[in-house]
Structure formats: C-alpha cells, structure tokens
Amino acid sequence: MGTASSLVSPAGGEVIEDTYGAGGGEACEIPVEVKPKARLLRSSFRRGAGAGPGSLPRAAGAGGLLGASFKSTGSSVPELEYAAAEFERLKKEYEIFRVSKNQELLSMGRREAKLDTENKRLRAELQVLQKTYQKILREKEGALEAKYQAMERAVTFEHDRDRVKRQFKIFRETKENEIQDLLRAKRELESKLQRLQAQGIQVFDPGESDSDDNGADVTAAGTQCEYWASRALGSEHSIDSMIQLQQPFRGPEFAHSSIDVEGPFANINRDDWDAAVAGLLQATPLFSHSLWCHPVRCYLIYSEETQPEMELFLKDHSPKLKRMCETMGYFFHAVYFPIDVENQYLTLRKWEIEKSSLVILFLHSTLPSFLLEDCEEAFLQNPEGKLRLIYHRLEDGKATSDSVQRLLDQVSNLSETTKAKIIEHSGDLSEGVYKIYMGVEKIIKQDILGLENTDVEVKDGGSEDSSPEEDDFGDVLWDVHDEQEQIEAFQRASSSAHELGFEKYYQRLDDLVVAPAPIPPLLVSGGPGSGKSLLLSKWIQLQQKHFPNTLILSHFVGRPMSSSSESSLIIKRLTLKLMQHFWAVSALTLDPAKLLEEFPHWLEKLSARHQGSIIIIIDSIDQVQQVEKHMKWLIDPLPVNVRVIVSVNVETCPTAWRLWPTLHLDPLSPKDAISMITAECHSVDVQLNREQEKMLEQHCRPATTRHALYVTLFSKMLACAGRAGDLAETLHRCLQCQDTMSLYRLVLHHVRESMPSDKEKEWMTQILCLINVSHNGVSESELMELYPEMSWASLTSIVHSLHKMHLLTYSCGLLRFQHLQAWETVRQAYMEDPALVSSYRQKLIDYFTSQLSQDRVTWRSADELPWLFQQQGSKQKLHSCLLNLFVSQNLYKRGHFAELLSYWQFVGKDKSAMATEYFESLKQYENCEGEENMLCLADLYETLGRFLKDLGLLSQAVVPLQRSLEIRETALDPDHPRVAQSLHQLAGVYVQWKKFSDAEQLYKQALEISENAYGADHPHAARELEALATLYHKQNKYEQAERFRKKSVIIRQQATRRKGSLYGFALLRRRALQLEELTLGKDKPENARTLNELGVLYYLQNNLETAEQFLKRSLEMRERVLGPDHPDCAQSLNNLAALCNERKQYARAEELYERALDIRRRALAPDHPSLAYTVKHLAILYKKTGRVDKAVPLYELAVEIRQKSFGPKHPSVATALVNLAVLHSQMKKHSEALPLYERALKIYEDSLGRMHPRVGETLKNLAVLSYEEGNFEKAAELYKRAMEIKEAETSLLGGKAPSRQSSSGDTLLFKTTHSPNVFLPQGQS
C-alpha cells in the first residue's frame, strides 16, 4: 500500500506502527469492525478539508486531492497518506466482498439446479404414488366386490347346507323303519339258523366258502360280504386279540381262501397262512409278549448262603444290563427283597413274581423254608411259560440238601414251555456270577427282546437309534412306545371281569356298523368314570371275535397334556396303521397340517381295497389338545365302509358335536351296583350284615354313586377294610362320599395312613407328586435313583398299595395314574401351591439334566426334559436343551415332529432360525476323531437333513444330507449299506424338489449298493425299488413304475414270511406246545381235532416231520373213533395230501386227495364248500403235473358246484369259468375257451361293474385269445379297454395298486411272451 507505515486502531484511533522493510510485515492488529465505504470516505474528506489552509478545495478531483496531499506539507500530509491507505484497504475489501458474492451466486445457482432436479424427482414419485393409489383404490373396490360375492356364496351355502340337513333328516327318518325291519329280519334269520343247526341240519354259509375271490364273496349288488366268521383256536384268538389278520388282495385265479369251513388251523395251506402272517407282521411290529405290560424285570431270590453272589451280580453286572436295555429303549429292574424269615413281604413277593419277566434263583446247598413258596410259585406254577434261571453253586465235599435236589428234579421234569435254565458252577464266585450275567444277557436279547443275533454287543455310547438297520418300515418313523402304550391301554380298559350291563349298548354299536352310509360319527357320552373305555374295549373284543375281517383302529387317550393326547401323534399313528396294510411302505410326512390332509386319502385308499368294514374308535377324544381344530376330518364325508366312534365326557363335549347320534351311558342300576360290591366282598370272605346292606341300598339310589368307577372304588375299599377288620368304620366313611372325587380323596387318605412309617408316607406323597407333574409318568428305576435311601421293598409296598386301590398303573414300564380323577385328586390334595409344583418339576429337571451331562440321552430324557422346561417357562434352558442334538434326534426319529416344533415355537424361533442354530451346533462336532464318532456325526447330519425336509426347507436340507454322505463314504466305504441310506435320503429331497433325474441316479446307486450288500431279495433293496417306482409314477412312466413296484412287493412278501418263520411263529410254537399236553388223554373227537391243529401249527413252522406225525395220529384216531368214511377223516387226508404236495410227493398227494374227494362226495352235499375245496386242490395238482385232461372235469365240477352254491350270476362262478377257460387255452381249444371267457366277462360286468379290475383282467385274457386266433383288431380293442380299467384303478389307489394275479392264471405264461405293443394297431406303438 505505497509507503504507508501506519494504520489507525479501530478502538481508539492509535497509530499502530508497521514497518515495511526488506523483511516486510503485517499489521499487528486487524480491525474488528469495517465501516461502510461511503462513511469512511466522507470522514476522510472532512478531516482533509479541515486540516489547514493548505488544503485544496472540495471540488477538486480525487487525483488532485491526492496530489495536493502528497505535495502539501505540515499537517495535511499524514491525512492524505491515511486516506490513501484507507482507500486501498476499502478497495481490497470490496474485491473480497465482490468475489464472495459471486461465489454465493454460483452456489445459489447450483442449489437452484439441484432443487429443480429434486423437484422433478418428487413430481415423478408423486405421479407414481397417484397411480399406486388409483390401483389400490381399484383393488379395494374389487376386494369389496369379492367380499360381497363371498357373503352371497356363504348365504347360499348356508341355505344349501340347511337344505341338505333337511334332506338328510328326511332320509334318516324314512330309512329308520327300513333299517329296523332289516334288523328284525336279520334276527329272525339268525334264530332260524340256530334252530336248524340245533336240529343237526348242515347249513351252508357263503361267508365261509372256499371261493377264489380272496375270501370274500360279492353279491349281485356289488356289496362285499363278511368272511372268516368263525373263531380261531376255540376260545382263544389265533395270534393276539389286538392284531388283525389282514389278507392282501389277490386276483381271481385260484386264490386260496384263508380257511376251510372248519375254521383256521384246520387245513394246511401255506399260501394262505404265509399271506395272513405277512399281513399281520406288516400291520403291526411284532414284539415280545413280555414287553407289552412290563419292562425287563428280573426278580432275584437268594438265601444267606448265596447273598455274596447276588450282591456281586448287582454291583458288577446289573449296571451293564441296565445300560444295554436303556440303549434299546427299555427299562431294566433288578428287584430283590431282604431275607424275609418272618414272611413280612410274602404278598409283595408273589406280586413281584407275577410281574417279572425273568426270575433268577441263587442256590447253594440248602433251601430255606421261607423261600419254598416263592420257588414253587416261580418255577413249578408257571403256566405262562415265563423265563426262569437257576444258579446252583456246587462245592466239593458239601452235599446238596434234599429240598434243593427235589426242586431241581421237579424243574428238570417240567415240559419245554415251563422248564427253567439251570447253571451249575463250582469254583470262584466271580466266575459263577459272570456265567449268570452271560445267561441273563442272552435271555434278554433272544427271548425277551426278540433279537435275531444275540452275539451283537451293545456299546455304551451308542444311541438307541444308531443301528444301520434302524427299522423295517423304510422312511416311516414308528415309535414303539406309543404303540405299546395303546396296547396296554386297551388291555387295561378291557380287564374288568364285570360286563356292567353293557349288553344293551352292544346292539346299538352293532347297528352303527351295518347302517347304510353316509352316517356321522357315533358319540358315546357319559360322566367321568361311567365305563366308556370299558364298553368300547369289550365291544372291540366282540367284533374281533365274530368279524375278524373288520379292521378296527383304536386310540385311547390318557390324561390331558400327555403324549397320548397330542392330536398330531394320534393322526400319525392312525395313518401308519392304514399304511401298514399296503405292501409298498411309503414315506410319511410329519408336518401336522399335511398329516391332516393325508389321513383321509389313506383311509380312502384302504377302504377301496379292504374286504370288510373299517371302524375308527377314539376314546376320551375331548381330552385331545385343540380337538375341534385337529379333528376336522370327523365332519367330512367318510368312505361307505368306514365308521367312526368317539367317546366324550358330557361336561366337556364340544358344542358342535352334540348334534351327532349319541349313545349315552347311564349309571349302573342299583341292583348291578350292589351286586358288584357284594361280589368283591365275597371274594375276600367279607360278609355285610342286614343293616349294612340296607344302608348300601339307600346309598346307591343317587346316580352319582352308581358310576362304574365309583362302584369299583367303593367295593375295593370295603374289601380292604374287611381284611383289616375295620369294615364298619370304613363303610361309614365311604357312605359320606357322594361322588367319585370325594371317594378318591378318601382312598388316598386311607392308603397314606396304611403306610407303616412316616418316612414311607412322605415317599408316597413325593412319588405321587412327581408322577403328577411329569409328562408321561415315572419309572421305578428313576424313583430308585431319585431316592437312593429307599429300598425295593419300600417302593414295591407303596406301588402295590396304590395299584391295588386304582390310583396307579403301569404303562410302557412307567407308573401313571389309572384314571383322570386320580390325577386330579392328587393335584388337589398335595399340589395347590404353584411353588410346590415348580419344586417337583425342578427335581425331575435336575435328574434328567444329570443324565444329559453323563451322555445318557434316552427316550425318557428326550420325552420329559423339554416338556418340563416348557411347563416351567424356562425358554433359555429349553433352547439349550433343544440344541443338544441327541435330544432333538431322539424326538424326531420317534416321530415326535410336532412336539419338537412346538418347543421351538415356544422359544420364539422360526424355521430358518432353527436350521441356522442346528448348523451352528453341529460345527462343534466337526473336529471329532475316530470312526464311531464320525458315524455318529453322519447320523446327526442325516437327521437334520430329514428334519429340514419335513419343514419344507429343501435347499437347506441338501447340505447336511450331502455332508452325511461324504462322512460315511470317507469313514466307511463307498459301497457300505449306510452310504446307500444317505443316497436314499438325499434322493428323497430331490424328488420333493422335482429334480427327478438327480433322484433317479441316486436311487439306482443306493439299489446297487443294497443288492451287493444284502442281496437282491432283501427289504432294503425293496425299499429302493419302491422309491424308483414312485419316482417313475410321478414322471408318468407307468410301465416302469409297475415293474419296479411288483418286484418290491414280491421281495417284501418273501422277507416278511422269512421274518415270520424266524420269530413271528414263536406264538404258534407256544400254542403248539400247550396243545400237546391236551392230547395225552383217551381217543375222542376233540383230541383228534387238537392233533390236526397241532399238525397245521407245526407245518406253519416248517417242521414238516412233526407235522406229519400229528396229522397221521389225527387221521388214525378219527378213523378209530368216527369211522373211515367220516368227513373229518377227509379233512386229515386233505391235510396230509397238502403236506405231500409241499414235499413234491405228487403221487402220494394224488392218492390222498382222491380218497378225501371220494369221502366228501359220499358224505356231503354236491354243493358243499369242503367238496369244492378238495376238487380245487386236486385239479391244481393235476394241472401242476401236466395232466390237463384229468384237471378239466374237476374244473367243470367246480363250476357246477359254484353255480349251485351261489347262483349262475355270482362272481365266484365267473372265476371258475375263467380257470376252466385257461385250461382250454393251454390245450389250444380256443373255440371252447372263448364262450367261457365271454360268459365270465358278462357276469363280472353285471355284478361288479364295467370298471372293476377283474373285468380288465378278463379282457386281457380275451385279447390274448383273439391275438392267438389272428384277430388283431379285436385284440387291440380289448387290450385298450383293459388298460383303461387298469389306469383308472391306479389313479384311484394313488399309484399304489396292489399286485394282482391274472384271472386267467396260467395265461400269464404265454401272455408275457408278447410285447404289449403287439396288441396295438400300426402307428400306435
């Protein structure tokens, strides 16, 4: 700024010196405030004008002014310099101001442009929003319109429903009289039939005929009649009262009937009984009878001499046996009492012997007198043939006492059914105890658990589900404990010896079965304890006795919140029961929603092929969780041969169900109630005096005191008090109880006061509380571990007292409450405080958590621990428990899929979160080493993959299944059977994902591995064949699917028969041994019949030599007692002929058949079914040996017999015509075969309908005949019709059409020599 050297300070006008030298410089102080320019200039000019006389005039220019300033001297020079400096400063500030304003303008321009852009974007969004609004507005209007239309449809539907209800009501009212008339006519016919039979007149029952129509005859109207109407083995069911013998469907070729008219086990026919037993094993898994009611229970009897061996056995070997049984899903109890010289525990010891599945007696030189009664009870009085073991320690120089030797001799002389195994040992005690352990282990594995290979060692760390051959049901997850629980529930419900006046209700239930469809479910209602379960179980037994072809599916619901009351498990179990009647075992979804959809479909499939009625019975259905939501199928239309019966309590019955037909159970009559009470008192020699009887009569007047359960408890209390000598006081207290709950409270108080000590009273209370808070009950071994100070004698005493008074019962080896009212009584008596309930739950939680910490993941810990956490509301602990992969694996592999899902929903996790957390949990196992650990990891990955597949997360399911496959291929071998299992599961995901080509490749690999490992006829190979058949069916490759399915069915039938011969016929063997003892008497027809039955039983066990001996003895006895021309002799001859036929001794078989035929021709009517039976088998023998000319007259005779028996238009006649036509076709007599085929076709079409499978089979045979005669056009037309019928049948059965033989029988021999395409005209192949 020139040479200016100072600035004016803004504060006070001081001059701040500033030197501009060589180094330059800046002002030391910058003005804080800048004055406006004009103002500064004016002040500068004023100062300049008033500075002195030398100043220039104001009018001079700026330059002049400055010049004057510079030229002036004196005081004007500083002012000019100041003005110049001010000017320069102002100029500089102006420039700065101008630049800043320009920059602001530029910034504002940019901002304006940006705002314009934003404005355009917002305008565009506004336009989009306006369009969206218009669209939503239109959708809203459309939704409102749809709503109005739906409301209109709903109103229309309501009108239609009301109209249908009115029509149904009218139909029911109009048909009621017809039904009653039919029932009366039925009773009249039955009475006439009985009178005729009483007069000795032989009456033919078509339902028992030996027709070729699969044991069922079809009337002209197409309705199926009952078959197998006689009872098996006299007063006992042939196999088991709970199991249905279902005959698989077979075609109309000479399909042997399941029985002859004399009843089952009367005639030898391996095909029939192979099929029957195969159907039996297919419908229900076969388990040892001893496990249906008890765990593996060993009762130890010992003396002071053998107490060291007993203690050593308990210490060293009992834990190993317990671990072995736990691994296989069963309990093991080694029960013993202290040495009881005074017989303090005599009653308990007898009860324990009765319950135990194995009794072990430790003997040395003497047998104390107080043990004699136990030994006789266990070893000499053993009619059921329970397992027994005697350990006898020998010692040199010490003689055995007479009592010991007598017992050993008596045991040795027993029959095979009751004989005990004796182990003799001399030497070291530990060696002798080890022999006991080995014997017990073998007995448990072979005789109790039914394992085929008893040499398999069970590893301690193994899982109960870790076996490579984990089940015989393919992908079906079957829980043996659920099934066992239902078996025991049925047995328990039907165990009452009193009928309680139920006869009047049986007829109503029978009427339901024969009533015409459609018919809604029948509601059996009554108060708590009125006997609904007893009624249904007794009626089921009657149905199984008189109508074995009726399939009954029953489910007995326990207390609320137990496993038996979970709706998804009920539907899964019933669906599995339906599926097991199909040879093709298919995968079953575990998704509860999909299960509800699939169950009616399976019911429809089975009803279409089942030859008889299907009855579904659900007891206490009102205890099912969310019953109306999960049992919607009850209100849907059911197949015509399906009937449903449900029982409910009157108070808890859903409102919507009250409109159903109802059978209400009234209380017992006063007379019946009093008779039950007095009968129970008389059974223990207790007599009521006259005054007490009057009091009892008055007490039984109200309805609440006449319920079945109330009367049972009342009688038990009086009987118990009578034995104790306290009848009067107990009767007085019982009379004060006016309902079942109050009586149960008295019973509970009575049992508690009967305990000998305060400690046992406390144990009893705690045991009841633990059972009350548990999910499914508590086992005795668990109680012994929870209370280590409690002895077996104390526990058995408590349980016996509670069991005797109907408070507790056994189910699946667990202690549970016998009735819902007992559970409620304990809850009210001991568990009103929520804190107390929580403490008992915590006790169980601590126990089962300690098991997890010891790596003991059993079905019990998986059942109880998550449920207890859920009841406690402990979400975090439940979450940690679920992430224990072995707990989740146990639940899933036993089919408790819905339960597992409910736990995850409780902790607030969805499907994706579940998958993620399971994957994270599996990572901790990835670094494991050793083959066993790697295989365990592969099992976990496979379970996770299957679980995710059931969740519908297919893409996520592939990853763990592939990982499982990799581990097994690495740890085992690429050709190991477990690799095939992984391939099968992975292929299942691809099928569901519709990646059929990938699935086909994996299935074929699995098939190749299974065939190489097990053989081509093993069930594992059948599983892969069935999977391939299903896969091809989904791709519409029906021919390939049918080929694989037929092969699978054949393999499964053969395997099931082998399985039956291994251990399924153990029941037949037991029956045969029992019957042997009945044949040692004199010659009489009953003994001859028993010998014949024995021969059949041994024949079924493939013991042909023994069978022949009994059959010959039966024939000889019948000839001596009845004469050689009696029809019973013909039966024995017929059976011996069948036996010779089995041994391929055809000449001997022909001779015996001809003798039997000659007797039956002379002794029986020309149209008798037994005559037809012999004719048929002799004709088959002639045909088998190539003598067709001799077979033709017999086939013609069969046609004649059937025409006389059933009429000329019965399907059975058509079957005989087809068989005769087959013979003529084989003899190339086409002209004679053609009219027979055409007549059979006409009968089938008229009686069964034009789309029946037998019509299709006959059409195929006619097509073959036309082709052989050169009439290709007619052959193609007939074959096309046959294929249409087959496709319709396949679609009806969902691709699972049963394998049928052709109605032409041997026509298959030459039919298969031609390709199916030869029947098609040119251009269609």
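We're numbering straight along the sequence, starting at 1.
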[atom1]/[X] to [atom2]/[Y] distance, rounded to the nearest 0.5 angstrom?
X: T1258; Y: H1252; atom1: OG1; atom2: NE2; answer: 10.5 Å
X: T1174; Y: Q1131; atom1: OG1; atom2: CD; answer: 10.0 Å
X: M1117; Y: L1115; atom1: CE; atom2: CG; answer: 11.0 Å
X: K1176; Y: I1180; atom1: NZ; atom2: CD1; answer: 6.0 Å
X: D1125; Y: R1155; atom1: CG; atom2: CZ; answer: 9.5 Å
X: L1236; Y: L1262; atom1: CG; atom2: CG; answer: 10.5 Å

Worksheet item: So V513 and T550, side-chain contact (heavy atoms from CB on, under 4.5 Å) or not? Walk me through it.
Response: CA-CA 10 Å; V513 178; T550 299; 5.7 Å; no
Fill in: Qualifying residues under salt bridge (charged side-chain N to carboxylate O under 4.0 Å, His left out), relative to K1274, sequence neighbours excluded
none
Worksheet item: For K1112, which residues count as a salt bridge (charged side-chain N to carboxylate O under 4.0 Å, His left out) partner, sequence neighbours excluded?
Response: E1108
Does a side-chain heavy-atom distance below 4.5 Å link [X] with [Y]?
X: L1139; Y: Q1145; value: no
X: I1243; Y: E1238; value: no
X: Y1153; Y: N1134; value: yes
X: R1239; Y: K1209; value: no
X: Y1237; Y: V1222; value: yes
X: S1225; Y: L1265; value: yes
X: V1192; Y: H1224; value: yes
X: L1164; Y: P1127; value: yes

Worksheet item: Is it true that atom CZ of R1281 has more than 12 heavy atoms of other residues, nucleotides or ligands lying nearer than 6.0 Å?
Response: yes
Fill in: Neighbour count >12 (heavy atoms, 6.0 Å) for atom NZ, K1190
yes
Discussion item. Determine whether R1148 and E1151 satisfy the following criterion, salt bridge (Lys or Arg N to Asp or Glu O under 4.0 Å), listing intermediate values before the conclusion.
Written reply: CA-CA 5 Å; R1148 175 65 175 161; E1151 178 186 351; 3.6 Å; yes
Discussion item. Let's go through K1204 and R1202 carefully: what are the C-alpha distance in whole Å and the side-chain angles of both, what is the deciding distance for side-chain contact (heavy atoms from CB on, under 4.5 Å) to 0.1 Å, and is it a yes or a no?
Written reply: CA-CA 5 Å; K1204 292 179 180 180; R1202 294 188 183 204; over 6 Å; no
Discussion item. If only side-chain N and O atoms count, and only distance matters, is there a donor-acceptor pair under 3.5 Å linking N1141 with E1150?
Written reply: no
Worksheet item: Can a donor-acceptor pair be found between the side chains of Y1244 and T1215 at a distance below 3.5 Å?
Response: yes
Ignoring hydrogens, what is the shortest heavy-atom contact between [X] and [Y]? Give both atom names and the distance.
X: G1249; Y: V1255; result: O-CG2, 3.2 Å
X: K1183; Y: Q1226; result: CD-OE1, 4.4 Å
X: V1218; Y: A1240; result: CG2-CB, 3.6 Å
X: P1124; Y: C1129; result: O-CB, 3.9 Å
X: L1178; Y: E1154; result: CD2-CG, 4.0 Å
X: S1231; Y: E1269; result: N-OE2, 4.5 Å

Item to complete: Start with the C-alpha distance between R1161 and L1197, add both sets of side-chain angles, then the distance that settles side-chain contact (heavy atoms from CB on, under 4.5 Å), and finish with yes or no.
Response: CA-CA 12 Å; R1161 271 180 168 168; L1197 179 59; 3.2 Å; yes
Fill in: Lys/Arg-Asp/Glu bridge criterion (N-O < 4.0 Å) met for E1277, K1280
no
Discussion item. When you measure from the side chain of R1187 to the backbone of Y1182, do you find a donor-acceptor pair of N or O atoms at a distance under 3.5 Å?
Written reply: no
Worksheet item: Any donor and acceptor pair, going by atom type alone, linking the side chain of S1114 with main-chain N or O of F1110 inside 3.5 Å?
Response: no
Discussion item. Test side-chain contact (heavy atoms from CB on, under 4.5 Å) on N1092 and R1118; report intermediate values, then the result.
Written reply: CA-CA 10 Å; N1092 180 74; R1118 282 172 167 172; 4.1 Å; yes
